[in-house]
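Just so it is clear, the structure is predicted and the values come from calculations on it, not from any experiment. Residue numbers begin at 1 in each chain, while the letters A, B, ... track the order of the sequences.
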Amino acid sequence: MIENILTANAVKAVNQLFNTQIESSALAVQRTIPAYRDQGDFSLVVFPLLKISRKSPEETATMLGNRILLNMPDAESFGVVKGYLNIRIKPEYWMQFLSANQNKSSYGIIETSSGNPVVVEYSSPNTNKPLHLGHIRNNLLGYSVSKLLKASGKNVVKVNLVNDRGIHICKSMLAWKLFGNGETPESSAKKGDKLVGDFYVLFDRKYKEELSELMSNGLNEDEAAAKSGLMMQAREMLLKWEARDEETLKLWNTMNGWVYKGFEHTYKRLGVDFDKIYYESQTYLLGKKIVEEGLKDGVLFRREDGSVWIDLTEEGLDEKLLLRSDGTSVYMTQDLGTAQLRADDYDPEKLIYVVGNEQNYHFDVLKLILKKMGRPWAESIYHLSYGMVELPEGKMKSREGTVVDADDLMDEMIATARAMTEELGKIEDFNSSEAEALYKMVGLGALKYFILKVDPRKNMTFNPRESIDFNGNTGPFIQYTHARIRSIMRKAGEEARFTNADSLHPQEADLLIMLYQFPQMVGQAATELSPSFIANYLFEVARQYNQFYHELTILKEENPEIRSLRLALSQLTSIVVKNGMDLLGIEVPEKM
RNA sequence: GGCUCCGUAGUUCAACGGAUAGAACGGAAGUUUCCUAAACUUUAAAUACAGGUUCGAUUCCUGUCGGGGCUACCA
């Protein structure tokens, strides 16, 4: 990599000139900002070196530049502005890179997949309601991060922990029993997860009715909640479930089965998948062993009422409950157990949890407990915490019915893509299945790109209309760029066969250097666990390409050398766009 | 209240402590209707506030203001 070579040479030059020993980390080579591109391709800030050189910034930079030119064959020239040393790399270097990679379809992707795995947990749905917009961000992030890690050479295991037990699913089951008429997904023509979700909502409604009736008889809210027959029945059902009551288990299996079928459909459409699915019903008891162990070691303590706690006040956190006084486990207990299970199953290099930022505290505590319990792998736990997704109309509230259902949203995006395309009459030569595939590609591409281009940690606003624009920083714009390049290549009727050219136009050099940096971008995005790097990078590439190139400038170019350079640049751009979008889980069309 | 994250053009997003804070959409003005869903040119427009550290701060620290989240014997 040229940046590394440059850094190494700069370090060497500093050490020779000023007779010291600095580390390469003391120097940072960065891409020269556009305003000074006429001076060079990469820049070095020399301000930090002034203490060593005891000379003016300009003088220091000039001395360094001269020395680097002497030592580094690929360096062509340099310019100095204030404390900045701008170094020009020989165009031959870039052209050689282009001719070597112009047809490499796997450019930027490593996929060695060796070593201890990185386990990425994402999605983790409850089985009492369908997936919504927030889950979409979770799934897209988890999937894309997994792809990024894989593309940077990691061995990745994607896991999903389904929360399939607990009081919430009992509520759906109870409502189905009490208020339903034996509906099934088939009889009601509803997706299974929707049907179960509807009964969950129905339970909540009936429960509220019951509460207000009790309260109108003079009880306060807490008393009413304690007297609620519905809630009592739901708890009973949970106890029956834990006692393996046959009838309860049967209904539970049936209704969860409906939900899984519904989820499968949503996942498939969204384009995400998993290597392993854990079910909480099979893991929820695991944490208790760890708690016993902790009690023995004295890390945990037991209160008079029998409940078990950990004291984290020294670490600046609270006391945290790990077992209820009746001996049943809580969320944290279960997570301790599943974390141990992951560690045992995979001996992972890193354990990544893709979970919303409302659980930051939970994961701080989880990590801390495991550390205190002497689990060396606790350090490898990483909570990839993402912000909420809001809509232009405001926040989603399940109580107010403003939750955006994942399936509905995908439908809407695809329908919009269809409407826009049909209105413009762009694809008359497509048969109907090709057209359908394109609508889906564009509609979902818009959705995915819009969500992934934002730094995961930040809250964001999803605007469906803006996302599907064919201009601007959008998925369709990048897809469109890819389709255009492919079209140009088809019309050219030849493979890219660039060997050499006399010169490189500055804008072509900019694009070429950008393409050169793609593998580094993948590495950085994988390290930072942030697909947004790739998304914003791809937009820059597409924008740069579109600004300079169009069909005329390529196909009507008469100088064969320049034509072949432009074809090769187009080809490599399309490869970068395709591979980059693939890392985001977005398909790109050959034509559109 | 305590803990925590966040605050950048009208809007949606960028910016390893580095040069004149970038784009996109929208706005204004203009040229054009030939590149796949119009393009191109010009233009106005932002770091919430006050300190501090630094050669240099949107970035790090402190405080103020504003917003989100957590603060359950729910998951």
Side-chain angles (χ1 to χ4, degrees), chain A residues 25 28-30 32-36 39 43-48 50-51 57 81-84 86 124 126 128 163 165-169 280 284 303 305-309 316-318 320-335 356-362 364-365 385 387-388 390 392 395 417 420-421 423-427 442 450 453-455 457-463 465-474 476-477 479-481 483-488 524 527-528 532-533 535-537 539-540 543 546-547 549-556 589 591-592:
Chain A
S25 58
V29 169
Q30 53 195 287
T32 302
I33 62 169
Y36 296 104
Q39 296 234 341
S43 300
L44 196 70
V45 187
V46 302
F47 290 114
L50 302 184
K51 281 194 212 93
V81 179
K82 289 184 277 181
Y84 293 85
N86 304 308
S124 305
N126 289 351
N128 64 327
N163 179 10
R165 52 138 250 132
I167 191 78
H168 53 86
I169 182 72
E280 211 181 273
Y284 78 106
R303 290 241 165 96
D305 63 3
S307 56
V308 177
W309 298 73
L317 304 174
D318 295 330
K320 189 83 192 170
L321 177 89
L322 288 176
L323 280 186
R324 296 194 187 96
S325 47
D326 63 4
T328 55
S329 55
V330 293
Y331 180 38
M332 184 61 73
T333 329
Q334 297 173 26
D335 260 13
N357 62 9
E358 71 273 12
Q359 292 194 32
N360 285 353
Y361 182 71
H362 173 80
D364 286 348
V365 173
S385 157
M388 308 179 47
E390 291 174 20
K395 200 176 293 182
M420 289 173 75
T421 306
E423 192 181 328
L424 287 160
K426 278 290 157 187
I427 53 164
V442 171
F450 199 92
K453 78 171 184 189
V454 182
D455 182 344
R457 292 183 318 242
K458 293 193 174 174
N459 290 352
M460 65 170 297
T461 307
F462 175 68
N463 186 332
R465 246 177 317 161
E466 206 175 289
S467 77
I468 209 161
D469 203 328
F470 280 77
N471 286 304
N473 191 354
T474 66
F477 170 72
Q479 290 174 318
Y480 169 66
T481 302
R484 259 181 60 177
I485 295 175
R486 300 303 304 159
S487 161
I488 289 170
Q524 191 184 356
T527 311
E528 307 275 336
S532 62
F533 281 102
N536 288 301
Y537 163 82
F539 174 63
E540 278 306 311
R543 200 166 63 91
N546 280 300
Q547 250 175 31
Y549 280 172
H550 42 79
E551 206 175 305
L552 294 178
T553 62
I554 296 174
L555 297 181
K556 296 206 173 145
K591 52 176 186 169
M592 67 192 281

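Here the side chains of A:H362 and A:M332 are in contact, with some heavy-atom distance below 4.5 Å. Using a 4.5 Å cut-off on side-chain heavy atoms (C-beta onward), A:Y84 and A:V46 make no contact. Using a 4.5 Å heavy-atom cutoff, the side chains of A:T461 and A:P392 are in contact. In this structure, the side chains of A:K453 and A:F539 stay at 4.5 Å or more apart for every pair of heavy atoms. The side-chain heavy atoms of A:V45 and A:Q30, taken from C-beta on, include a pair separated by under 4.5 Å. The shortest side-chain heavy-atom distance between A:F470 and A:M592 falls under the 4.5 Å cut-off. A:V365 has its side chain within reach of A:L317: a pair of non-hydrogen atoms, C-beta onward, lies under 4.5 Å apart. When side chains are defined from C-beta on, A:V454 does not count as touching A:S532, because their heavy atoms never get closer than 4.5 Å.
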- Note on the structure: RNA chain B in dot-bracket form (Watson-Crick or G-U pairs under 3.5 Å, [ ] crossing, | inter-strand) is (((((((..((((....[...)))).(((((.......)))))....(((((..]....))))))))))))....
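With both ends at atom P, the span from B:rC74 to B:rG18 equals 48 Å, rounded to whole Å. Comparing the P positions of B:rG17 and B:rA72 gives a spacing of 35 Å, expressed to the nearest Å. Straight-line distance between the P atoms of B:rU47 and B:rG10: roughly 9 Å, to the nearest whole Å. The separation of B:rA48 from B:rG7, taken at their C1' atoms, amounts to 7 Å, rounded to a whole angstrom. Comparing the C1' positions of B:rG51 and B:rA14 gives a spacing of 28 Å, expressed to the nearest Å.
Residue A:S43 is classed as a base contact, given a heavy-atom separation below 4.0 Å to a base. A:T421 comes within 4.0 angstrom of a nucleotide base, judged by non-hydrogen atoms across all strands. Residue A:N86 is in base contact, counting any heavy-atom pair closer than 4.0 Å across all strands shown.
Checking A:K51 against A:T474, the closest nucleotide of RNA chain B that is more toward the 5' end is the one next to A:T474. Taking for each of A:M332 and A:A417 the nucleotide of RNA chain B with the nearest heavy atom, the 5'-most of the two is the partner of A:A417.
Set against B:rC74, B:rU20, B:rG68, the side chain of A:R324 has B:rC74 as its closest nucleotide.
Contact between the side-chain N/O atoms of A:N471 and the OP1/OP2 oxygens of B:rA39 is found at a separation under 4.0 Å. For the pair A:R543 and B:rA24, the criterion of a side-chain N or O lying under 4.0 Å from OP1 or OP2 is met. Residue A:K320 places no side-chain N or O under 4.0 Å from the OP1 or OP2 atom of B:rC70.
A:Y331 has its OH atom 11 Å from the C1' atom of B:rC74, to the nearest Å. If you take CG of A:N360 and P of B:rC5, they are 8 Å apart, rounded to a whole angstrom. What separates CZ of A:F539 from C1' of B:rG22 is a distance of 11 Å, to the nearest Å. One interatomic measurement links the two molecules: CE of A:M592 to P of B:rC35, which rounds to 17 Å at whole-angstrom precision. Counting to the nearest Å, the C1' atom of B:rC70 and the CG atom of A:D318 are 10 Å from each other. Between the CD atom of A:Q359 and the C1' atom of B:rG68 there is a distance of 16 Å, given to the nearest Å. Between A:Q334 atom CD and B:rA75 atom C1' there is a gap of 8 Å when expressed in whole angstrom units.
Of all heavy-atom pairs between A:N459 and A:M388, the closest is OD1-N, 2.9 Å. Nearest heavy-atom pair, A:V330 versus A:L322, reported as atom, atom and distance to 0.1 Å: CG2-O, 3.8 Å.
Side-chain atoms of A:N357 and base atoms of B:rC70 include no donor and acceptor less than 3.5 Å apart.
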- For A:R457 and A:D455, run salt bridge (Lys or Arg N to Asp or Glu O under 4.0 Å): C-alpha distance rounded to whole Å, both residues' side-chain angles, the deciding distance at 0.1 Å, then the answer. CA-CA 6 Å; A:R457 292 183 318 242; A:D455 182 344; 3.1 Å; yes
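Using a cutoff of 4.0 Å between basic side-chain nitrogens and carboxylate oxygens, A:D305 and A:R303 are not scored as salt-bridged.
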- Message: How would you summarise protein contacts on nucleotides 6-18 of chain B per nucleotide, using B for base, S for sugar-phosphate only and - for none, with heavy-atom distances below 4.0 Å?
- Response: -S----SSS-B-B
- Item | Base versus backbone protein contacts along nucleotides 28-33 of chain B [heavy-atom cut-off under 4.0 Å; B, S, -] | ------
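Taking the six-membered ring where tryptophan is involved, the planes of A:F462 and A:F450 are perpendicular, since the angle between them exceeds 60° and thus also 30°.
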